[in-house]
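In what follows, a structure is listed as structure tokens, so that the remarks can point back to it.
From a predicted model like this one, the values you see are computed outputs, not experimental measurements. Just the heavy atoms: all of them, side chains too, but no hydrogens, waters or symmetry mates, feed the values below.
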Amino acid sequence: MAKGIFDYHLYIFDLDGTIIDSSELMLKSLAYATKDIEGYIIDEKLFFSQMGKKLEEIFDILGIDPSLAALYRQYSAKHQDEIKVFEEVIAFIKGLKSQNKLVTINTGKEYVRTQKILGEMQLEELFDLVVCSDKLVNSKPHPESIYTTLERLAITKEKTVMIGDSYQDILCAQNAEIDSVFVGWGTATESEIVSLNPTFIILEEKDLSELIHNP
């Protein structure tokens, strides 16, 4: 019998575009970091398609000096109050916790900035583990972050699902040989993801509410 969304024990969530709405701040931070590069035009689609990787890796792909990532982080930290939370996602996570599920975060953000965001939004209590790219050798889509989570929590692949909004998230799950959920309220579109054949596709937040009330 095919698994349902509630049939797992461990739920690994991406952060940006999945739990928090930070895309506008990301673009502002990128514009700030590249403001002195004459003639540089930001490729938003390419930028967002790399979400999940370390920021320095993304800058390199975008043709930006990776050292400018410091300016990006400086602007992002200063304007952190612009980040919003996806409320129905939080309600879904709380529903999982009420069923004694394990819930973790797997993000391309570095640990200090991630903890600051979770702390100021009073979300840190919801997560059993937070795995950040600066604590790893390999970032998404390499499966190291998922393997690290499975090892730390002593959970098998069969009991685990990855939830994310980007190509890198779903490919990471595929590389780790675990099930995946693509959510459509982030930066990627269903057409960009469909070739990876995620286990579940949830396009709108309201669909999460229906799942919570009709498990």
Side-chain angles (χ1 to χ4, degrees), residues 4-30 44 47-49 51-52 75-133 140 145 149 160-170 172-173 179-190 192-193 198-215:
I5 194 72
F6 293 106
D7 291 337
Y8 301 90
H9 187 55
L10 170 59
Y11 294 75
I12 303 176
F13 281 80
D14 170 54
L15 181 61
D16 293 282
T18 302
I19 296 174
I20 60 173
D21 184 1
S22 54
S23 59
E24 287 301 317
L25 179 56
M26 285 180 173
L27 288 175
K28 289 179 181 179
S29 301
L30 183 58
E44 294 184 17
F47 174 59
F48 285 125
S49 73
M51 288 298 106
Y75 185 95
S76 179
K78 186 176 181 180
H79 298 274
Q80 188 172 297
D81 60 335
E82 296 180 21
I83 296 174
K84 303 294 188 295
V85 68
F86 291 114
E87 295 290 351
E88 289 177 279
V89 178
I90 297 304
F92 180 70
I93 290 172
K94 289 179 178 177
L96 293 175
K97 297 298 291 183
S98 72
Q99 298 180 42
N100 297 315
K101 306 290 189 178
L102 292 172
V103 181
T104 72
I105 286 177
N106 176 335
T107 178
K109 269 188 169 58
E110 66 279 5
Y111 184 78
V112 170
R113 193 153 54 108
T114 299
Q115 289 298 109
K116 184 179 179 184
I117 290 170
L118 295 177
E120 292 189 1
M121 290 186 161
Q122 299 182 329
L123 299 176
E124 67 267 44
E125 298 286 328
L126 292 176
F127 302 101
D128 298 283
L129 180 67
V130 176
V131 176
C132 300
S133 64
K140 301 174 191 174
S145 56
T149 302
T160 304
V161 66
M162 171 82 195
I163 300 102
D165 73 303
S166 77
Y167 190 91
Q168 307 299 329
D169 294 323
I170 306 306
C172 183
D179 289 348
S180 61
V181 181
F182 168 68
V183 297
W185 49 84
T187 57
T189 63
E190 183 180 5
E192 294 169 333
I193 303 296
T199 314
F200 304 94
I201 294 176
I202 303 175
L203 295 179
E204 298 183 40
E205 273 193 274
K206 66 178 180 62
D207 296 331
L208 281 179
S209 297
E210 293 177 9
L211 287 171
I212 294 168
H213 295 108
N214 300 286

Quick one: list whatever passes salt bridge (Lys or Arg N to Asp or Glu O under 4.0 Å) with Glu190, sequence neighbours left out. none
Test of understanding: with side-chain contact (heavy atoms from CB on, under 4.5 Å), list the residues that count as partners of Glu110, not counting sequence neighbours. Arg73, Arg113, Asp134
List the steps, then state whether side-chain contact (heavy atoms from CB on, under 4.5 Å) holds for Ile19 with Phe127. CA-CA 12 Å; Ile19 296 174; Phe127 302 101; 3.8 Å; yes
Between the main-chain N or O of Asp165 and the side-chain N or O of Thr18, is there a donor-acceptor pair closer than 3.5 Å? yes
Go through the structure and list residues passing ring pair (Phe, Tyr, Trp, His ring centres under 6.0 Å) with Tyr75, not counting sequence neighbours. Tyr32, His79
How close do Val181 and Ile202 get, heavy atom to heavy atom, and via which atoms? CG1-CD1, 3.8 Å
Sorted by chain and number, sequence neighbours left out, side-chain contact (heavy atoms from CB on, under 4.5 Å) with Asp179 holds for Lys3, Tyr8, Val161, Thr199
Hits for side chain to side chain donor-acceptor pair (under 3.5 Å) against Thr107, two or more places apart or cross-chain, chain-then-number order -> none
Checking side-chain contact (heavy atoms from CB on, under 4.5 Å) for the pair Trp185/Val89: CA distance, chi angles, key distance, verdict? CA-CA 10 Å; Trp185 49 84; Val89 178; 3.6 Å; yes
Among residues two or more places apart or on two chains, list those pairs meeting salt bridge (charged side-chain N to carboxylate O under 4.0 Å, His left out) that have a residue in residues 114-133. Lys97-Asp128
Which atoms form the tightest heavy-atom contact between Ile170 and Gly164, and what is the distance? CD1-O, 4.2 Å
Working note: Ile5 + Phe92, criterion side-chain contact (heavy atoms from CB on, under 4.5 Å); need CA distance, chi angles, decisive distance, verdict. CA-CA 11 Å; Ile5 194 72; Phe92 180 70; 4.2 Å; yes
Enter the distance from Leu126:CG to Leu118:CG here, rounded to the nearest 0.5 Å. 9.0 Å
Pairs satisfying salt bridge (charged side-chain N to carboxylate O under 4.0 Å, His left out), at least one member in residues 8-17, at least two apart: Asp14-Lys140, Asp16-Lys109
Does the side-chain contact (heavy atoms from CB on, under 4.5 Å) test come out yes or no for Asn106 and Phe13, once each step is laid out? CA-CA 6 Å; Asn106 176 335; Phe13 281 80; over 6 Å; no
Ser166: side chain to side chain donor-acceptor pair (under 3.5 Å) partners, not counting sequence neighbours: Asp169
Residue list, side-chain contact (heavy atoms from CB on, under 4.5 Å) with Leu129, at least two apart or on another chain: Thr104, Val131, Thr149, Arg152, Leu153
Between Phe182 and Ile193, what is the shortest heavy-atom contact and its length? CE1-CG1, 3.4 Å
Might you point out which heavy atoms bring Lys78 and Asp81 nearest each other, and give the distance in Å? O-OD1, 4.5 Å
Among all residues two or more places apart in sequence or in another chain, which pass the side chain to side chain donor-acceptor pair (under 3.5 Å) test with Ser49? none
In Å and rounded to the nearest 0.5 Å, what is the CE to OG distance from Met162 to Ser145? 6.5 Å
Reported CG-to-NZ distance for the pair Leu25 and Lys84, which is rounded to 0.5 angstrom: 9.5 Å
Here the pair of heavy atoms bringing Ser23 nearest to Thr187 is CB-CG2, 4.2 Å
Going from CG on Leu15 to OG1 on Thr114, what distance comes out if it is rounded to the nearest 0.5 angstrom? 6.0 Å
Quick check for you: to the nearest 0.5 Å, what is the distance between Met26 atom CE and Glu44 atom CD? 12.5 Å
Can you name the residues that form a side-chain contact (heavy atoms from CB on, under 4.5 Å) with Lys101, not counting sequence neighbours? Tyr11, Leu96, Gln99
Rounded to the nearest 0.5 Å, how far does OG of Ser22 lie from CD of Gln80? 10.5 Å
Does Glu205 reach the main-chain N or O of Glu88 with its side chain, forming a donor-acceptor pair under 3.5 Å? yes
Smallest separation among heavy atoms of Gly4 and Asp7, with atom names: N-OD2, 2.6 Å
